[in-house]
Amino acid sequence: MRANVSAEARGLSRRELLKAGAAGFLLVSFRMPFAHAAGDTFAPNSFIRVGDDDIVTLIMPQVEMGQGIYTTVGMILADELDADFNKVVLQHAPPAKEYINPIFGVQATGGSTSVRAFWDPLRKAGASARAMLIEAAAQQLGVDASTCRTSNSEVIHDASGRKLGYGAIAALAATMKPVADPKLKSAKDYTLIGTPVKRKDTPDKTNGKSQYGIDAMPAGVKFAAIAQCPVFGGKTGHVDDSKAKTIKGVQQIVVQDDFVAVVGDTTWTALQGLDALDVTWDEGPNASVNSAQIWEALRTASTGNGAVAKEAGDIKAAFDGGTRHDAVYELPFLAHAPMEPLNCTVHYTKDACEVWTGTQVIGRVQEDVAKAVGLPIEKVTVHNLYIGGGFGRRLEQEMTVKAALIAMHVDGPVKVTWRREEDMQHDVYRPIYHNSVSASVKDGKIVGWTHRITGSAVIARWLPPAFKNGVDIDAVDGAADEPYGFPNLKVEYIRAEPPAVPTGFWRGVGPNNNFFTIESFVDEIAHKEKVDPVEFRLKHLDGNPRLQAAIQLVAAKGNWGAPLPARMGRGIAAQNAFGSFIATICEAEVDESGEVRVHRLVSAVDTGIQVNPDTIIAQLEGGLIFGLTAALFGEITIAKGRVEQSNFNDYRMLRINEAPKIEVHLIPSTQHPGGIGETGTTASAPALVNALFAATGVRLRRLPIDRDALAGRKPV
Amino acid sequence: MKRLYWILLSLAALACVIAAWIIYVPSPTAFASGGTVALGDYKDANPTGVPASLAKADVVERGEYLTRAADCEACHTAKGGEPFAGGLAFKLPFGTLYSPNITPDKDTGIGKWTDADFIRAIHKGIAPDGSRFYPAFPYPSYTLLTKDDALAIKAFLFSLKPINKEAPPNTLVFPFNQRWLMAFWSFFYNSNERYRPNPSQSAEWNRGAYLAEALGHCGECHTPRNLMQAVDNKKKFAGAVTAGWRAYNITQDKTSGIGSWDVETTAKFLAHGHVEGLGTASGPMGEAIDMSLRHMKPEDIGALVTYLKTVPAIADSSLPLPKTMLASAFPGDKDIDENARGAKIFAGACAGCHGWTGKSPILSYADFIGARTVNDPTAQNVAQAVIWGVTRHSPNGAVTMPGFGNAYSAEELAAVVNYVTSRFGAEKSHITAKDIGAIGKQASQ
Amino acid sequence: MITLQINGQSRDVEAGPDTPLLWALRDVLGMTGTKFGCGIAQCGACTVHLDGEAVRSCQLSIGSVGNRPITTIEGVGSSEIGAKVQKAWLDLEVVQCGYCQSGQIMSAAALLAHKSNPSDDDIDAAMAGNICRCGTYVRIREAIKKAATA
Ligand code: FES
Ligand code: FES
């Protein structure tokens with residue numbers, strides 16, 4: 001989701017929204033969400049603690065799940081604060097209003113919003129704290145504040161050459177009057193922002209020390225394994241635990257309405273117990289649902305009338321007399337399959353509940369767990385540990401609620417781990433999508449464009465206020481505001497919830513579908529019009545110079561137009577989503593049998609101000625691989641109401657010996673920072689299918705790629 | 001004139017003899033020297049029933065042992081289904097057969113069967129309603145069982161929890177859907193005769209013969225079939241393909257059979273389905289070990305070995321002597337270049353368990369070295385394992401290899417199978433994507 | 001009770017012989033650096049060294065280990081190669097979520113112990129069993145080469 005998601009939800013423009021977010025922040029930010037740790041003598045706002053020991057503790061409103069956000073957020077705060085980054089300690093925020101993501105109005109990490117949402121609030125927080133420290137120092141030195149400057153956690157009075165460390169004046173600073181709208185640094189004065197600062201979380205991730213949710217080990221913890229009805233929506237029927245009970249180390253069996261769990265002295269014994277448990281499930285109404293029916297339902301729904309997300313110009317006139325192009329593109333269900341399987345550790349006592357997990361929605365976890373166990377919200381403590389991959393799966397909290405329900409029956413803390421099969425078969429899946437697009441071309445330019453998107457409305461479930469007038473703002477993200485600014489445009493959305501299968505946000509969200517569609521279709525049209533795909537795009541982008549520049553750069557870096565051996569092709573795709581502009585060239589080879597080898601991916605990206613360029617490059621590299629994996633292999637299929645895939649042997653992941661070379665070129669910019677966590681994911685699929693077309697002349701309009709079609713063994 | 005008449009007559013006679021020879025099948029123990037006698041006239045220790053240690057046990061317990069020895073469960077249990085409730089699909093060239101439910105359920109199982117019904121089914125292959133069973137049900141072997149043993153098995157089956165589950169109807173094409181035709185087949189190929197001991201062989205040998213032929217029905221998979229789909233004891237235990245898996249040559253041939261396995265090794269393999277340096281039984285033999293043989297008493301395993309050791313060697317030139325030399329710790333560029341795709345998939349999906357040398361760094365059950373499967377240039381069993389996976393019982397609990405048939409293309413599967421045989425076997429396979437499709441379909445589901 | 005040699009110490013483990021080393025490490029000994037990813041030897045997250053070989057601890061039952069030395073991510077840094085690999089990982093900022101990286105580092109260290117100067121093919125062969133969902137492959141390859149020349 002882009003910034004405008006809840007902006008729309010609240011009827012605000014993005015600019016107003018970010019203001020509102022910031023304002024909201026300033027209103028609340030002086031209430032202390034929790035007592036400071038010992039030694040924190042200066043706590044000007046909810047993000048900053050300065051200890052008399054010179055240690056600056058920065059509170060992270062966003063969770064670290066690999067995107068390097070701890071370091072990035074820390075850099076933004078520390079830069080405005082002029083703190084010595086080596087003396088900075090990062091600490092995750094508890095659930096509290098102060099840390100609500102202004103873009104969602106929910107305390108959530110996702111949608112590539114972290115930097116976009118917190119850029120202003122964090123800088124203000126840092127700057128206002130710095131101003132207070134200067135005031136304090138000035139007072140102590142008996143000089144005018146304007147004659148003092150700061151650097152590396154020190155206030156310096158050049159005239160007298162005197163310096164005061166932040167620690168030394170922390171106590172005094174605490175008595176200073178808060179500075180509501182401090183002066184922010186100008187870009188040229190940044191000391192951290194724009195430099196490749198080393199991440200603070202990585203050393204412990206290379207020596208086994210860092211703690212992920214699954215590593216929580218409260219004293220006396222027991223271990224549980226969970227099994228839900230294999231059929232979506234099914235319930236627990238009869239449970240025979242006689243065999244399970246005989247397994248050494250199995251301690252208890254917890255039977256709930258729609259799942260069962262076995263508690264043991266290790267996760268292994270719990271899993272053994274689960275295998276030995278004889279459960280007859282009441283499979284319910286979905287027991288006969290299969291993929292064919294689901295697709296048929298979607299295609300039927302796609303013929304109905306859609307809610308209009310965007311309408312511009314005169315479609316009818318545009319299609320009169322132009323060359324008409326039509327196509328349909330479809331995307332499959334996908335699982336998240338983060339490396340760290342779902343898990344949650346809960347210690348329940350009748351008057352308090354403590355939760356250890358890694359979540360993208362800590363506030364919702366606290367709320368829902370409190371509801372589930374019937375305790376007031378303040379009695380529920382949530383420790384948010386590192387996340388071994390979120391990708392949207394941990395924007396849900398049902399796994400923590402289930403863990404809490406189990407914990408209510410267990411004496412002492414219990415860690416509930418989902419085996420990989422459970423994780424894969426009880427995911428919330430990236431929805432299947434159907435897109436019908438038509439374009440009208442006159443004098444070599446697209447003058448009319450209609451795009452009808454049919455699919456599940458994740459937003460309607462996850463952020464109801466954002467679902468307005470039948471339009472899922474995420475599902476049309478990237479389509480309603482397509483990059484080319486076609487003069488006559490109609491974008492419609494049809495909500496079609498698949499039978500049985502739960503859907504959720506998946507890295508790249510709506511833009512995944514929309515840019516696969518737009519960038520495949522634009523490519524098709526370019527080829528049909530016999531115009532070079534790069535040229536064709538460029539001439540439609542006069543209104544979008546940042547994307548134009550990205551395309552020009554990637555064409556140069558990606559050797560666009562240079563000859564390639566037979567059966568190899570180059571494809572390009574461009575997009576602006578998540579506030580970033582990216583153009584990508586894919587070089588791929590297809591052998592006679594239809595096997596695909598991706599040799600190289602090159603991206604040029606303008607993401608505005610680059611807080612930590614190295615992190616940005618890493619996110620793009622990873623995002624490109626994530627999208628490529630799905631395009632090459634990803635599809636969840638349903639039979640008898642169950643997911644047919646189970647683990648990495650049948651739900652395939654790209655491996656290092658299948659990974660292409662990747663080059664990312666960043667374009668310097670002074671614009672507001674954009675989002676980067678999903679930008680790469682969205683880019684690779686269209687670039688790939690366009691490359692495959694260039695290599696074989698076969699146009700794939702459905703993912704994952706069809707090797708039989710590429711080999712000519714079957715028609716597309 | 002007269003001469004011509006005689007010539008024609010003798011030619012006709014010759015034709016009959018040849019035809020007879022083709023259809024004729026010797027008895028399973030005919031290879032052994034010395035004649036046989038009726039069980040009643042046999043003076044030495046009784047080769048039938050249960051081992052001495054179980055002699056005192058009640059009929060249900062004895063029945064359980066015999067049911068295991070006869071491995072009823074393997075065929076009468078659908079993949080992941082309730083034991084003995086049937087429904088396992090046998091994919092035949094002319095249709096699909098489903099094993100029936102043999103739990104004592106009155107409507108869908110054998111709950112209504114009388115002792116006589118049961119005996120008739122076991123000995124004659126005839127159902128209570130008079131219809132004929134197909135020989136996928138090995139009654140030509142079970143016919144050798146004594147009445148007592150058959151009834152003990154029935155007693156055990158009737159002690160099970162009845163499960164109400166109808167097996168799917170068979171889908172055989174004409175004429176194979178004509179069960180009555182089996183009457184003619186049985187006339188030729190079901191001796192309908194109880195086991196006849198051979199006094200000139202040891203008592204242990206006779207026990208082994210009873211276990212192998214009457215109960216274990218080894219020949220049903222390991223002996224090739226003739227034109228009439230009957231087990232052809234002229235080629236006893238020379239190896240055959242059943243349910244898409246190769247049941248290997250278990251004659252005493254030193255190269256292609258198990259003649260080079262000493263008594264102890266043979267016994268160990270039968271009891272565990274795994275011996276370091278000889279590989280691991282998988283597919284139907286893996287099931288036979290896990291469901292049947294590993295539950296046999298040591299004295300019975302010993303008897304089986306004694307018997308097997310006397311089976312005449314039949315050489316199969318298509319099976320090389322298994323390679324015993326380890327491969328390198330990492331693949332050299334050469335064997336990568338030769339089959340880059342196979343090497344790539346092996347590195348990602350296989351090496352984690354199997355390692356690169358053929359000796360698994362974690363699990364001897366995953367060793368390739370010396371295993372017949374990787375030393376079989378048809379690579380049929382390697383292909384089945386890769387497509388469907390393998391689950392085996394081991395002293396340290398279940399050992400599972402996941403199946404890869406659903407996420408990898410037929411080209412990729414063929415490539416990795418050929419890579420495995422070329423890297424770890426004596427002779428590399430040349431299996432194709434098409435073969436993979438065909439082989440995968442043959443496996444019982 | 002089974003005694004294991006882990007990172008140079010002998011540790012007593014109160015668990016059945018069929019318990020996979022992975023769960024003995026994590027749940028019995030509280031050594032959580034070794035990760036659970038798939039449980040079927042397909043992802044490599046659980047990789048440790050057994051006798052210097054990279055092995056999948058989810059498939060290695062403690063009953064079959066005997067007194068062969070085990071090294072985990074917590075101990076790999078005390079070997080010269082292990083330390084080099086960890087440093088290269090940080091110098092190139094390989095890590096994203098980091099969940100797979102214990103296994104990646106263990107596989108890389110074992111590779112370098114076998115081949116001090118691995119080719120791209122060697123790296124593919126040794127590392128292909130380790131899935132990284134965050135897609136850090138490009139940097140893993142670079143980091144291994146850096147560690148080799150360090
Ligand atoms: S957990 Fe052992 S390889 Fe995945
Ligand atoms: S760094 Fe996240 S899975 Fe590899």
Q) Which pair of heavy atoms, one from C:R139 and one from A:A618, lies closest together, and at what distance? A) NH2-N, 3.4 Å

Q. What are the two closest heavy atoms between A:F648 and C:G37, and how far apart are they?
A. CE1-O, 4.1 Å

Do the side chain of [X] and the main chain of [Y] share a donor and acceptor less than 3.5 angstrom apart?
{"X": "A:Y212", "Y": "C:C97", "answer": "yes"}
{"X": "C:E93", "Y": "A:R199", "answer": "yes"}
{"X": "A:R419", "Y": "C:C38", "answer": "no"}
{"X": "C:Y137", "Y": "A:N657", "answer": "no"}
{"X": "A:N207", "Y": "C:E74", "answer": "no"}

Q | Interface moiety of A:T615 toward chain C, non-hydrogen atoms closer than 4.5 Å | A | neither

**Q.** Heavy-atom proximity to chain C below 4.5 Å, by part of A:Y386
**A.** neither

(Q) Taking every non-hydrogen pair under 4.5 Å, which of C:T136, C:V28, C:V95 racks up the most with chain A? (A) C:V95

**Q.** Geometric cation-pi criterion, C:R133 with A:F626: 6.0 Å, 45°
**A.** yes

(Q) Under 4.5 Å from any heavy atom of chain A, what part of C:I131 do you find: side chain, backbone, both or neither? (A) both

Q) Which bit of C:N130 comes within less than 4.5 Å of chain A, counting heavy atoms only: side chain, backbone, both or neither? A) backbone

Q. Does the side chain of C:C58 come within less than 4.5 Å of A:W268's, by heavy atoms?
A. no

